[in-house]
Amino acid sequence: MSKVAVVFWSGTGNTEAMANKVADGAKAAGAEVQVLTPETFDAAKMDEFDAVAFGCPAMGAEELEETEFAPMFEACESKLSGKKIALFGSYGWGDGEWMRLWEETCKNAGAVLACESVMANETPDAEAEAACEALGKALA
């Protein structure tokens with residue numbers, strides 16, 4: 001049984017809803033899942049999991065949330081090499097540039113992206129929820 005961490009930050013609840021769907025998908029595929037926030041996850045925990053889903057909405061000028069999520073993620077970057085990960089998040093403006101930059105950062109760090117990242121415009125619709133469940137299954 002694989003161990004999957006779903007680590008997210010959410011300001012409005014949209015990314016949290018996505019995180020719960022990712023967890024549902026991973027559990028349905030037989031994984032042991034922990035849903036965590038930046039306060040309860042750090043680089044030392046990366047080694048405890050076979051795969052990690054990171055979720056963060058676009059903030060400001062299409063960037064990761066900079067007070068809690070970005071510092072935690074930056075600390076984890078050194079542990080991404082060879083690690084199976086997936087990315088998800090919501091946005092309210094722009095065209096997804098934050099996700100493309102985040103994917104590039106992960107690839108440059110040697111991460112193995114398990115599947116296409118999932119973005120939801122505002123509240124995740126049924127299509128985004130299904131994509132989140134598929135993302136969770138891909139990590140499991």
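Side chains are part of it too, since the values below use all heavy atoms of this structure and drop only hydrogens, waters and symmetry mates.
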- Would you confirm whether T105, through its side chain, and L101, through its main-chain N or O, come within 3.5 Å as a donor-acceptor pair?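 Side chain of T105 to backbone of L101: a pair is present.
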- Say whether, by atom type as modelled, one donor and one acceptor occur between the side chain of K21 and the main chain of A131 under 3.5 angstrom.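 No; zero donor-acceptor contacts below 3.5 Å.
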- State whether D50 and K83 are salt-bridged, where the test is any N-O pair (Lys NZ or Arg NE/NH1/NH2 against Asp/Glu carboxylate O) under 4.0 Å.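 Looking at D50 and K83, the cut-off is not met.
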- Query: What residues join V22 in its hydrophobic cluster, counting side-chain heavy atom gaps under 4.5 Å, either direct or through other members?
  - Reply: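 V4, V6, F8, M18, V33, V35, F88, V118, L135, L139, listed by chain and number.
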Measure the spacing between [atom1] of [X] and [atom2] of [Y] and express it to the nearest 0.5 Å.
X    : Y    : atom1 : atom2 : result
M59  : E65  : CE    : CD    : 5.5 Å
L36  : K45  : CG    : NZ    : 6.5 Å
N121 : S90  : CG    : OG    : 9.0 Å
M119 : T15  : CE    : OG1   : 12.0 Å
C132 : K137 : SG    : NZ    : 12.5 Å
D42  : C76  : CG    : SG    : 6.5 Å

- E116 CD: over 12 foreign heavy atoms closer than 6.0 Å: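 No, CD of E116 has 12 or fewer neighbouring heavy atoms, counting only those of other groups under 6.0 Å.
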- Crowded around E66 CD? As in, over 12 foreign heavy atoms under 6.0 Å?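 At most 12 heavy atoms, drawn from other residues, nucleotides or ligands, come within 6.0 Å of this atom.
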- Query: Angle class for the Y91/W98 ring planes (parallel below 30°, perpendicular above 60°, tilted otherwise)?
  - Reply: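 Plane angle between 30° and 60°, so tilted.
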- Does W102 have any ring-ring contact (aromatic ring centres under 6.0 Å, His included) partners at least two apart in sequence or in another chain, and if so, which?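 For W102, the residues satisfying ring-ring contact (aromatic ring centres under 6.0 Å, His included) (neighbours in sequence not counted) are F69, F73.
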- Evaluate the side-chain proximity of P57 to N14: yes if any heavy-atom separation is below 4.5 Å, no if none is.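 SC-SC contact between N14 and P57 ruled out.
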- Start with the C-alpha distance between M46 and L80, add both sets of side-chain angles, then the distance that settles side chain to side chain contact (heavy atoms under 4.5 Å, CB included), and finish with yes or no. CA-CA 8 Å; M46 289 288 290; L80 292 179; 3.7 Å; yes
If you look at every heavy atom in [X] and [Y], which pair is closest and at what distance?
X    : Y    : result
S2   : A140 : OG-O, 3.1 Å
S117 : E103 : OG-OE2, 2.6 Å
F41  : M72  : O-CG, 3.3 Å

- Query: Going through the checks in order, is the side chain to side chain contact (heavy atoms under 4.5 Å, CB included) test met by V7 and T37?
  - Reply: CA-CA 5 Å; V7 184; T37 60; over 6 Å; no
